[in-house]
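To start, the structure under review is shown below, and the notes come after it.
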Amino acid sequence: DIAMRLNAGLGALGLTLLLLTASKLFDLKTAWVTVILIGLCSDWWYESRGFLSEVGAGALLMACVYFADDRRPYLSALALGASLLFRPPSILGLPLWGLSVWKADDRRRAALSGVLIAAGAAALAAYNWIRFGSPTSTGYGAEAFSSNLLLGLQGLLLTPGRSVFVYSPILLLALVGAAPLYRRHRPFAVAVLASIAAYVFTMAAWHSWDGGWTWGSRLLTPILPLVGLLC
């Protein structure tokens, strides 16, 4: 019950940060329409009613990109480090934090914020060691990134059983929205697109790319707010 209540709050936080980020990139009306459509027409609302960790990871990835665009590398790094504690694949959001370093006046000093990401990784390793006996063990046993990549991509993107575009059809707008975003906000778009692509390819390689018993495209939930920016 506590996890489900927490997830609902994290889901709201993720969309609030999407609203704040989109309102800086575009106008407020566009930002509100984006949040309403992502909130009502994607898996985000469904997963926010559950108890699994993808929504927390996604909300913190959204915090990472929000602070990165706001030229606050330390808060961006802190958000990314915290996201690792929800889902280790959040490390694929490094380009989002890299955006904050790129935009900083003093890039060397901004790069030092990476220690907070390392701290998140260290905290995760300590948790794994205490619970599973090894800092590199995540409790999945022999499960690994062993799926056929093309099969996984087909499943996540095209098949009616799990395609993110079937369960969240509003995301089709991202396919046409990526180019205008790239033209208007090139470094921002590159960071977001790189993180999204890395996440999709990594999840496609996971041995259970379908995400198990849950409804929809659960494993891609953390990047839904990021895709919303492309929409």
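Quick note: numbers below take in every heavy atom, side chains included, and nothing from hydrogens, waters or symmetry partners. In this text the structure is predicted, and so the values were computed from the model without any measurement.
- The 12-atom threshold is exceeded at CZ of Phe145, counting heavy atoms of other residues, nucleotides or ligands nearer than 6.0 Å.
- To the nearest 0.5 Å, atom SG of residue Cys41 and atom CD1 of residue Ile170 are 5.0 Å apart.
- A pairwise comparison of heavy atoms in Leu219 and Ser208 identifies CD1-O, 3.5 Å as the closest pair.
- The two residues Arg162 and Trp213 have their closest heavy-atom pair at NH2-C, 4.4 Å.
- Judged by distance alone, the side chains of Ser83 and Ser90 do bring a donor and an acceptor atom under 3.5 Å apart.
- Linking ILVMFWY side-chain heavy atoms closer than 4.5 Å, directly or via other members, places Leu153 and Ile223 in a single hydrophobic cluster.
- No chain of hydrophobic side-chain contacts below 4.5 Å, direct or via other Ile, Leu, Val, Met, Phe, Trp or Tyr residues, connects Tyr46 to Ile38.
- The salt bridge (Lys or Arg N to Asp or Glu O under 4.0 Å) test applied to Glu54 returns Arg87, Arg218, not counting sequence neighbours.
- Contact annotation: the side chain of Met203 approaches that of Pro89 to within less than 4.5 Å [non-hydrogen atoms, C-beta and beyond].
- The hydrophobic cluster containing Trp102 does not contain Leu80, counting ILVMFWY residues as joined when their side-chain heavy atoms lie under 4.5 angstrom apart, directly or transitively.
- Scanning both residues, Leu85 and Ala123, for their nearest heavy atoms gives CD2-CB, 3.9 Å.
- With rounding to the nearest 0.5 angstrom, the CH2 atom of Trp45 is 10.5 Å from the OG atom of Ser168.
- Under a hydrophobic-cluster definition in which Ile, Leu, Val, Met, Phe, Trp and Tyr are linked whenever side-chain heavy atoms come within less than 4.5 Å, directly or via other members, Phe201 and Val190 are assigned to different clusters.
- Atom OH of Tyr74 sits about 4.5 Å away from atom CG of Leu112, to the nearest 0.5 Å.
- With contacts defined as side-chain heavy-atom distances shorter than 4.5 Å, the pair Leu171/Cys231 qualifies.
- When side chains are defined from C-beta on, Leu28 counts as touching Ser23, because their heavy atoms get closer than 4.5 Å.
- A heavy-atom distance below 4.5 Å is found between the side chains of Leu175 and Phe165.
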How far apart are the C-alpha atoms of Trp215 and Asp43, what are their side-chain angles, what is the distance that settles it, and do they pass the side-chain contact (heavy atoms from CB on, under 4.5 Å) test? CA-CA 9 Å; Trp215 183 85; Asp43 272 1; 3.2 Å; yes
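- Of all heavy-atom pairs between Gly50 and Asn7, the closest is O-ND2, 3.1 Å.
- Note that CH2 of Trp209 and CG of Leu220 are 10.5 Å apart. Values are rounded to the nearest 0.5 Å.
- The two residues Leu84 and Ile91 come nearest to each other via the heavy atoms CD2-N, 3.3 Å.
- In this structure, Val192 and Ile196 have side chains that are in contact, with non-hydrogen atoms separated by less than 4.5 Å.
- Leu229 places a side-chain heavy atom less than 4.5 Å from the side chain of Met62.
- Side-chain contact between Leu124 and Pro88: present, with at least one pair of heavy atoms (C-beta onward) separated by less than 4.5 Å.
- Not a single ring-ring contact (aromatic ring centres under 6.0 Å, His included) links Phe86 to another residue, sequence neighbours left out.
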Distance-only donor-acceptor pairs under 3.5 Å for side chains of residues 12-21, two or more places apart:
unit_1, atom_1, unit_2, atom_2, d
Thr16, OG1, Ala12, O, 2.8
Thr21, OG1, Leu17, O, 2.8

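- Put simply, Phe132 and Trp129 are part of two different groups of oily side chains (I, L, V, M, F, W, Y) that touch within less than 4.5 Å, one to the next.
- The minimum heavy-atom distance linking Trp44 with Leu224 is given by the pair N-CD1, 3.6 Å.
- For Tyr199, there are no ring-ring contact (aromatic ring centres under 6.0 Å, His included) partners two or more places apart in sequence or in a different chain.
- The side-chain hydrogen bond (donor to acceptor under 3.5 Å, both in side chains) pairs that include a residue from residues 103-126 are Asp69-Lys103, Trp97-Ser113, where partners are two or more places apart or lie in different chains.
- With a 4.5 Å cut-off on side-chain heavy atoms, Val164 and Leu156 do not count as touching.
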Decide side-chain contact (heavy atoms from CB on, under 4.5 Å) for Ile117 and Leu94; before the verdict, give the C-alpha distance in whole Å, the side-chain angles of both, and the deciding distance to 0.1 Å. CA-CA 9 Å; Ile117 302 174; Leu94 276 173; 3.9 Å; yes
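- How far CE of Met4 is from CZ of Phe51: 8.0 Å, rounded to the nearest 0.5 Å.
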Checking side-chain contact (heavy atoms from CB on, under 4.5 Å) for the pair Leu230/Leu193: CA distance, chi angles, key distance, verdict? CA-CA 9 Å; Leu230 304 182; Leu193 286 167; 3.7 Å; yes
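- In this structure, CZ in Phe188 is found 14.5 Å from OH in Tyr182, a value given to the nearest 0.5 Å.
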Please assess Tyr66 against Leu61 for the test side-chain contact (heavy atoms from CB on, under 4.5 Å), listing each intermediate value before the final yes or no. CA-CA 9 Å; Tyr66 168 76; Leu61 281 176; over 6 Å; no
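- Listed by chain and number, the residues in a salt bridge (Lys or Arg N to Asp or Glu O under 4.0 Å) with Arg72 are Asp70 (sequence neighbours excluded).
- Enclosure of atom CH2 in Trp32 is not indicated, since only 12 or fewer non-hydrogen atoms of other residues, nucleotides or ligands lie within 6.0 angstrom.
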